[in-house]
Amino acid sequence: MEFGIFLNGFVPGPAAHDRPSEHLALKRELDLAIKADRHNWKYAWFGEHHSLTEYSHMSAPEVLMGYVAGKTERIHLGTGINSLSPRKEHPVRYAERAAMLDHITEGRFEWGTGRGAGSHEVASFNIMDTATTKAEWDEVAPEIVRMWEQYDYSFHGEHFTVPTPHNILPKPYGHSHPPIWMACGNPPSFAKAGSLGIGAIAFNFEPIFELKGRIDAYKEAAADPVEILGDYQNNNVMMTNTVICLNDRKRAREIAMNAGLGYLVTLVNLYHDTMPKSLDAITWPQPPIALSQLGGEEILDEVIKAGLMLCGTPEEVCEQVAAYQTVGCDQVVFGLTGGMTYEEHLEMLEVFGDKVIPEFDTDPEHSTAVYRRNAQGPKYPSHNGPVPADLKHSVIPESAILPLQQ
């Protein structure tokens, strides 16, 4: 089982309306990704959201990922998620940016995709009906793979067109393309991702044992995919949750009992109206309820037992992580927001990374890198044979390429 962090540009409270504070919050999230790279974490996922005050000020994650890529060596950087509506942006731009990030990271980019977080967000782009984005994803996602692989790409679809052959550049790094992921909520979407041979990005708002049905739906479909979307199968279920792992057990549990930890969830319930709310259903501006208000620390123990949160010392958290392995998660990712100070987040990354991760992830190589390396070749080779005459002017002669490679 592999591990990652989820960065979302969370800027709570008055800081969301103060530019210096917003700047500091964004810069600190970059520092967290850089810290994670040095302590065994394999993935850093960057949210992409628009006009979601406080919850997420990270509207252009690719810019931040370029910065982090230059300061890290091993960690993979993923979009969580890149929403694909052509009404938001022409699909050619999605293909271009993903391929460029693949080069900048030298194969460490993970392409997470989806339909968008909710009605308020997509309305930023004059999309007033979230139901219509499903058909758009179905059309756009496979076409991005074609754009990555063909030098004579054209398309006439229901939602977008590229009317004449174009060479969409750059092509991805190496012989294949970035691993593909899809945001999943209910069992049918898990099964859909599995049937397409792509990874599932999921968010945990329910007891861990209730996730098994969704993961089983994915794995059953992944065992016999209907049609793999890209060059290779990315057989992966990623689940997000909250972790408070510190050397000081008393402080870890104190954070968990405080209402500050639940503030982010009230914003999730407000903005993500295309997915079920959390179990308490508390929605901003309702104040979150602290666990301490519901009773003693026995309540916290029940929350931990249900897998809704990981909390305690590294030794305790190791026992809690095992539940995720039991239900079949391939990757567990933690959002680093709410209730903890910046310094405590840094400590958590180091403590969990050095003491917990090695107990569960003994393979130095990323699973997605292994899948990608074993890709058999382009799924969509260019269909016109030799380079078309009208494209030859853009092809550099071999004699000009060789000196650049020396």
By ring-ring contact (aromatic ring centres under 6.0 Å, His included), which residues pair with [X], not counting sequence neighbours?
X	value
Tyr371	none
Tyr55	His49, His272
Phe352	Phe3, Trp41, Phe334
Phe125	His50

Which word best sums up how the rings of His366 and His76 line up, parallel for under 30°, tilted for 30 to 60°, or perpendicular for over 60°?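 Rings of His366 and His76: parallel, under 30°.
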Residues which pass side-chain contact (heavy atoms from CB on, under 4.5 Å) with [X], listed by chain and number, not counting sequence neighbours:
X	value
Glu89	Arg93, Tyr94, Arg97
Ala375	His175, Ser176, Asp231, Tyr232
Ala69	Leu77, Ile104, Thr105, Arg108
Asn374	Val370

How about [atom1] on [X], more than 12 heavy atoms from neighbouring residues, nucleotides or ligands closer than 6.0 Å, or not?
X	atom1	value
Asp363	CG	yes
Arg87	CZ	yes
Gln376	CD	no

With no hydrogens and no angle check, just 3.5 Å: does a side-chain donor-acceptor pair link [X] and [Y]?
X	Y	answer
Trp148	Glu143	no
Ser367	Asn236	yes
His57	Glu22	yes

Do NZ/NE/NH1/NH2 and the carboxylate oxygens of Arg251 and Glu344 come within less than 4.0 Å?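 Looking at Arg251 and Glu344, the cut-off is met.
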Going by the rule salt bridge (charged side-chain N to carboxylate O under 4.0 Å, His left out), which residues pair with [X] if we only count those two or more places apart in sequence or in a different chain?
X	value
Glu54	none
Lys212	Asp216
Asp102	Arg372
Glu29	none

Does Tyr153 have its ring centroid less than 6.0 Å away from the ring centroid of His166?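 No.
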Under the side chain to side chain contact (heavy atoms under 4.5 Å, CB included) test against Trp181, which residue among Asn82, Thr368, Ile198, Thr113 passes?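 That would be Thr368.
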Passing option when Glu365 is tested against Lys42, Arg74, Arg373 for side chain to side chain donor-acceptor pair (under 3.5 Å):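 When Lys42, Arg74, Arg373 are each tested with Glu365, the side chain to side chain donor-acceptor pair (under 3.5 Å) holds only for Arg373.
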